[in-house]
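Here the structure comes first, spelled out in structure tokens, and everything after it is commentary.
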Amino acid sequence: VGDDHAAPAAGSTATAVASGGVEPFHGRHQAGISTPPQLHTHFVALDVTTDERKEVVGLLRRWTRVGATLAAGDRPGAASGGGVDSGEALGLPPARLTVNFGFGPGLFATGGDDRFGLRSVQPWQLVELPPFPGDALESAATGGDLSLHVCADDPQVVFHAVRSLVRAAEGVARVRWAQPGFNETAATEGTPRNLMGFKDGTLNPATTAQLAAAVWVGAEGPDWMTGGTYLVVRRIRMDLAAWDALGVSAQERVIGRHKVSGAPLGAEHEADPLRLSARTAAGDLVIPADAHVRLASPAQNWDSVILRRSYSYANPSTGAAASSGPGPPEPLDAGLLFFSYQRNPRLSFVPIYRKLSANDALRRFTVHTASAIFALPSGVTAPGRWVGAALFA
Ligand code: HEM
């Protein structure tokens with residue numbers, strides 16, 4: 001739900017589908033953030049090609065209308081400001097479609113002209129991500145002035161929405177990079193497994209209070225961000241051949257959790273707490289010093305919490321695309337399409353990942369190839385309003 005979804009909780013999708021498969025577009029927060037994850041996603045970063053502020057405003061109005069229409073299960077056609085619906089989703093239910101929109105640092109003139117007069121209102125939290133050790137970012141798949149993020153339980157519904165929204169941007173913004181992804185479980189029970197075979201998403205802010213503390217922008221503002229959040233996207237390729245060669249118990253020491261159950265090392269159940277100071281009889285840490293969950297844990301990061309809502313991805317592998325990272329060429333370009341949402345990325349994602357990129361045992365098996373950050377403004381509270389109106393007012 002766009003408004004107060006408590007959590008992307010395991011097993012809740014089946015209920016949502018049974019209740020009609022409509023996720024409200026309107027609400028205090030944009031949809032698709034705290035919404036229980038759907039099965040399919042398509043993330044799109046766009047560059048604005050116009051210098052006219054009013055054309056950007058026109059696009060945001062159109063996007064809002066098209067997004068609301070599609071989420072309700074209707075066809076955009078007239079709502080998109082002309083053109084006929086492309087038709088590929090005719091007869092399909094909305095499949096819990098969510099659409100949200102974001103503003104990258106470039107819109108606020110970071111590194112360029114102040115074309116839209118927004119430089120003075122760029123939130124200090126919206127910082128270009130610094131380079132991290134081991135990054136192998138493709139410049140063509142990094143950054144973007146605008147983000148468009150679509151999720152639904154049906155891949156054709158996702159594609160239809162992306163196509164309709166990209167078409168509505170013609171002449172104002174063009175696609176810079178895009179990445180589809182999929183999710184294993186949303187429709188079954190339990191936390192989804194990533195392509196390394198581990199449950200991913202166990203420890204996440206879940207209650208309304210936890211989301212308010214970690215995810216939604218509050219009184220710190222700016223006003224147009226109240227109820228909004230900041231999105232960090234990273235496409236993280238996995239060296240699956242090396243991972244497979246490692247064997248399960250070594251994999252478990254890299255992550256710090258058991259593979260099958262998802263329980264922390266030294267515990268029995270997925271929901272058991274991480275006991276970071278526990279030691280074996282021989283005096284070794286049960287959860288190793290460089291284990292991913294130890295280094296990412298709020299207890300090791302000044303209590304900084306982020307909401308992770310990642311998907312898996314698998315791209316057609318070309319030798320060239322797959323060999324840009326360290327080590328021998330990886331035969332598959334597949335891994336994690338990492339999405340994190342946080343109230344202040346400068347105090348959460350950046351320091352957490354700085355620590356992980358330096359010390360995490362998982363780094364030997366992953367390489368980051370795409371990256372972007374966006375401010376996702378507050379939700380559109382009623383029909384007739386449009387996303388970002390308070391910024392452009
Ligand atoms: C391919 C890359 C990655 C993989 C395979 C991965 C996998 C996992 C797994 C299996 C868990 C344990 C289950 C859970 O609590 O969800 C976990 C936890 C976590 N990961 Fe990652 N992760 C990756 C990248 C990242 C990145 C880039 C960050 C960013 C800063 C991150 C932050 C976290 C956090 C904060 C936790 C929860 C720790 C806690 O609350 O104690 N992960 N990850």
Side-chain angles (χ1 to χ4, degrees), residues 7-10 37 129-130 132-137 181 184-185 190-206 210 214-215 230-240 242-243 246 248 251-265 267 269-276 287 291-314 325 330 333-342 345-371 373:
L129 294 174
F132 294 100
D135 276 358
L137 303 181
E184 165 257 317
T185 40
T191 312
R193 287 183 194 277
N194 61 35
L195 296 183
M196 287 178 162
F198 280 74
K199 296 185 176 212
D200 197 334
T202 305
L203 281 178
N204 245 342
Q210 288 168 339
V215 177
Y230 296 88
L231 163 66
V232 171
V233 192
R234 308 279 288 181
R235 187 180 61 206
I236 309 175
R237 192 166 68 228
M238 296 170 172
D239 184 348
L240 293 171
W243 184 251
L246 197 60
V248 173
Q251 290 175 354
E252 292 179 333
R253 286 196 301 279
V254 167
I255 299 292
R257 285 181 176 268
H258 289 291
K259 192 168 188 176
V260 175
S261 64
L265 292 188
H269 304 289
E270 186 186 354
D272 289 345
L274 297 176
R275 290 170 48 233
L276 294 175
I287 297 178
H292 179 67
V293 295
R294 170 187 294 281
L295 294 173
S297 151
Q300 304 284 306
N301 291 285
W302 319 274
D303 292 327
S304 293
V305 175
I306 58 180
L307 171 66
R308 292 166 296 127
R309 192 179 190 274
S310 301
Y311 283 78
S312 294
Y313 80 91
E330 164 68 28
D333 178 16
L336 195 70
L337 182 54
F338 172 93
F339 296 101
S340 74
Y341 301 86
Q342 49 269 306
R346 295 180 79 163
L347 300 180
S348 53
F349 178 85
V350 172
I352 296 171
Y353 189 60
R354 188 170 281 138
K355 175 183 274 187
L356 290 176
S357 63
N359 301 315
D360 187 0
L362 195 53
R363 271 275 304 118
R364 286 184 279 126
F365 305 92
T366 54
V367 52
H368 292 223
T369 60
S371 173
I373 183 168

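As the structure lists them, so they are numbered: ligands from 1, and atoms in each ligand from 1.
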L195 side chain near L336 side chain, heavy-atom distance below 4.5 Å = no
After noting the C-alpha distance and the side-chain angles of S340 and R308, does the key distance pass the side-chain hydrogen bond (donor to acceptor under 3.5 Å, both in side chains) rule?
-> CA-CA 4 Å; S340 74; R308 292 166 296 127; over 6 Å; no
Does a side-chain heavy-atom distance below 4.5 Å link H368 with F338?
-> no
Distance-only N or O hit between ligand 1 and K199, under 3.5 Å = no
Approximate separation, where rounding is to 0.5 Å, of D360 CG and L295 CG = 6.0 Å
Donor-acceptor contact below 3.5 Å, side chain Q342 vs main chain V305 | no
A student checking ligand 1 against I352 at a 4.0 Å heavy-atom cut-off should list atoms 30 (C)
Hey, is the main chain of S312 close enough, under 3.5 Å, to the side chain of N194 for a donor-acceptor pair?
-> no
Heavy-atom contacts with R257 under 4.0 Å: which atoms of ligand 1 show up? List them by number with element.
-> 12 (C), 13 (C)
Enumerate the atoms of ligand 1 whose separation from the nearest heavy atom of M238 is less than 4.0 angstrom.
-> 1 (C), 5 (C)
min-distance protein heavy atom vs atom 14 (C) of ligand 1 -> T202 N, 3.2 Å
Interfacing atoms of ligand 1 (cut-off 4.0 Å, heavy-atom, I255) = 10 (C)
Can you pull out the closest protein heavy atom to atom 5 (C) of ligand 1? Residue, atom name and distance to 0.1 Å, please.
-> N194 ND2, 3.5 Å
Nearest-0.5 Å distance that lies between atom CG in L129 and atom OH in Y353 | 11.0 Å
R363 side chain to T366 main-chain N or O, any donor-acceptor pair under 3.5 Å?
-> yes
Nearest protein heavy atom with distance in Å, relative to atom 15 (O) of ligand 1 = L203 N, 3.0 Å
Donor-acceptor pair, side chain of R253 and main chain of L265, under 3.5 angstrom | no
Does D135 reach the main-chain N or O of L137 with its side chain, forming a donor-acceptor pair under 3.5 Å?
-> no
Protein residue, atom and distance nearest to atom 16 (O) of ligand 1, heavy-atom basis = G201 N, 2.6 Å
Supply the atom-to-atom distance L240 CG to M196 CE, rounded to the nearest 0.5 angstrom.
-> 6.5 Å
Which atoms of ligand 1 have any heavy atom of L274 under 4.0 Å away?
-> 41 (O)
When rounded to the nearest 0.5 Å, the distance separating CZ of R234 from OG1 of T369 is 9.5 Å
Which atoms of ligand 1 are found less than 4.0 Å from any heavy atom of F198?
-> 10 (C)
Any idea which part of P298 is under 4.0 Å from ligand 1, heavy-atom wise: side chain, backbone, both or neither?
-> side chain
Give me the protein N, O or S atoms that fall under 2.8 Å of atom 21 (Fe) of ligand 1, sorted by chain and residue number.
-> H292 NE2
Just which atoms of ligand 1 are under 4.0 Å from any heavy atom in M196?
-> 5 (C)
